[in-house]
Amino acid sequence: MNAFSLKLMQYLIENHPDKITDIEFIEERGKKALYAFAQSSRNGLSVQEAFQKANHVLYAGLHFSSYCLVKEIVEDNRAAKQLEEEEKDVFIMKMWAYTKDIINLYMEESGEKDNFISTDNYTKAYSEITNIINQYIINNGL
């Protein structure tokens, strides 16, 4: 694995935990980013510009995270704030599994992957997921 692959792996751990076991994806994306960096450097771009090109390749399609959306909602929930960190992490994963298909439907409907946050569907998804999580807590507790 190259440095870009390792960088991507860390990003996935924090933002897309469902993708961290896809080693083929991580290595392939890392190779593509390394190639973009090398090509950009050969074409005379500065190191900073070459890194920007490589990062564009590395993170394409990964800017929005349904996991982070759920995590934000749970962490803002008054009842969930009472949980210990480990319990909260387990609850976040549970709520993410419970709601990610709904989030994906909103994202697919919007036609935006990287810019989903700037769409009306993001606002709708955020509201619906908040309501689902709140209702889950009311019905089932934490």
Side-chain angles (χ1 to χ4, degrees), residues 1-81 83-140 142:
M1 255 190 225
N2 65 40
F4 288 108
S5 296
L6 295 173
K7 185 177 174 183
L8 178 60
M9 186 176 281
Q10 183 60 42
Y11 181 79
L12 294 176
I13 288 168
E14 296 170 7
N15 298 284
H16 298 278
D18 57 326
K19 294 182 180 357
I20 60 175
T21 58
D22 192 346
I23 301 303
E24 184 178 323
F25 168 76
I26 294 167
E27 288 180 347
E28 183 64 28
R29 189 64 73 92
K31 287 177 187 174
K32 288 179 180 180
L34 181 60
Y35 179 78
F37 179 82
Q39 284 297 108
S40 297
S41 294
R42 276 189 222 113
N43 291 338
L45 295 180
S46 70
V47 172
Q48 183 178 5
E49 291 168 323
F51 271 119
Q52 287 175 343
K53 295 282 186 182
N55 284 338
H56 180 75
V57 170
L58 193 63
Y59 300 119
L62 298 172
H63 295 288
F64 171 73
S65 166
S66 59
Y67 169 78
C68 289
L69 171 65
V70 171
K71 183 178 179 183
E72 178 183 334
I73 291 169
V74 169
E75 288 180 343
D76 284 346
N77 183 285
R78 200 172 342 137
K81 287 182 181 184
L83 295 172
E84 297 293 326
E85 279 306 307
E86 194 172 298
E87 293 173 314
K88 191 182 298 181
D89 290 343
V90 169
F91 186 71
I92 289 167
M93 291 300 282
K94 184 176 187 174
M95 290 298 96
W96 181 46
Y98 189 63
T99 61
K100 70 180 173 179
D101 289 342
I102 296 167
I103 298 167
N104 288 338
L105 286 174
Y106 277 105
M107 193 165 48
E108 287 172 15
E109 185 180 290
S110 75
E112 290 288 334
K113 210 170 191 181
D114 283 340
N115 297 318
F116 178 61
I117 291 176
S118 63
T119 69
D120 289 339
N121 276 7
Y122 173 80
T123 305
K124 292 174 188 174
Y126 191 98
S127 294
E128 184 169 344
I129 300 308
T130 300
N131 290 336
I132 289 170
I133 292 171
N134 288 337
Q135 194 62 49
Y136 182 93
I137 292 170
I138 290 168
N139 294 341
N140 304 295
L142 292 171

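Sequence positions, counted from 1, serve as the residue numbers for this chain. Only heavy atoms go into these numbers, but all of them, side chains included; no hydrogens, no water, no symmetry mates.
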Compare all side-chain heavy atoms of [X] with those of [Y] and state whether any distance is below 4.5 angstrom.
X: Met1; Y: Ile23; answer: yes
X: Val90; Y: Met93; answer: no
X: Ile103; Y: Phe64; answer: yes
X: Leu58; Y: Tyr11; answer: no
X: Phe37; Y: Val57; answer: no
X: Leu62; Y: Arg29; answer: yes
X: Phe91; Y: Ile137; answer: yes

Review point. Does the Asn2 side chain pair with the main chain of Gly30, one donor and one acceptor, at a distance under 3.5 Å?
Key: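 Looks like yes, one N/O pair under 3.5 Å.
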Practice item. Using distance alone, with no hydrogens and no angle criterion, decide if Asn43 and Gln39 have a side-chain donor and acceptor under 3.5 Å apart. Key: no
Rounded to the nearest 0.5 Å, what separates atom [atom1] in [X] from atom [atom2] in [Y]?
X: Ile26; Y: Lys7; atom1: CD1; atom2: NZ; answer: 14.5 Å
X: Arg78; Y: Asn134; atom1: CZ; atom2: CG; answer: 9.5 Å
X: Phe51; Y: Phe4; atom1: CZ; atom2: CZ; answer: 5.0 Å
X: Met9; Y: Phe25; atom1: CE; atom2: CZ; answer: 11.0 Å
X: Tyr67; Y: Lys19; atom1: OH; atom2: NZ; answer: 14.5 Å
X: Glu28; Y: Asp22; atom1: CD; atom2: CG; answer: 10.5 Å

Exercise for review: Please collect all side chain to side chain donor-acceptor pair (under 3.5 Å) contacts where either partner lies in residues 89-107, sequence neighbours excluded, each pair once.
Suggested key: Ser66-Trp96, Lys94-Tyr136, Tyr106-Glu128
For [X] and [Y], which heavy atoms make the closest approach, and how far apart are they?
X: Thr119; Y: Ser110; value: OG1-CB, 4.1 Å
X: Ile132; Y: Ile102; value: CD1-CD1, 3.4 Å
X: Ala54; Y: Ala36; value: CA-CB, 4.1 Å
X: Lys81; Y: Glu75; value: CE-O, 3.2 Å
X: Tyr122; Y: Glu72; value: OH-OE1, 4.4 Å
X: Val74; Y: Ala80; value: O-CB, 3.2 Å

Exercise for review: Evaluate the criterion side chain to side chain contact (heavy atoms under 4.5 Å, CB included) for residue pair Ile138 and Gln135; output intermediate values, then yes/no.
Suggested key: CA-CA 5 Å; Ile138 290 168; Gln135 194 62 49; 4.1 Å; yes
**Study point:** Passing candidate, side chain to side chain contact (heavy atoms under 4.5 Å, CB included) with Met95, options Val70, Asn77, Ile73, Ile129
**Key:** Val70
Practice item. Answer yes or no: does atom NE2 of His63 have more than 12 heavy-atom neighbours from other residues, nucleotides or ligands under 6.0 Å? Key: yes
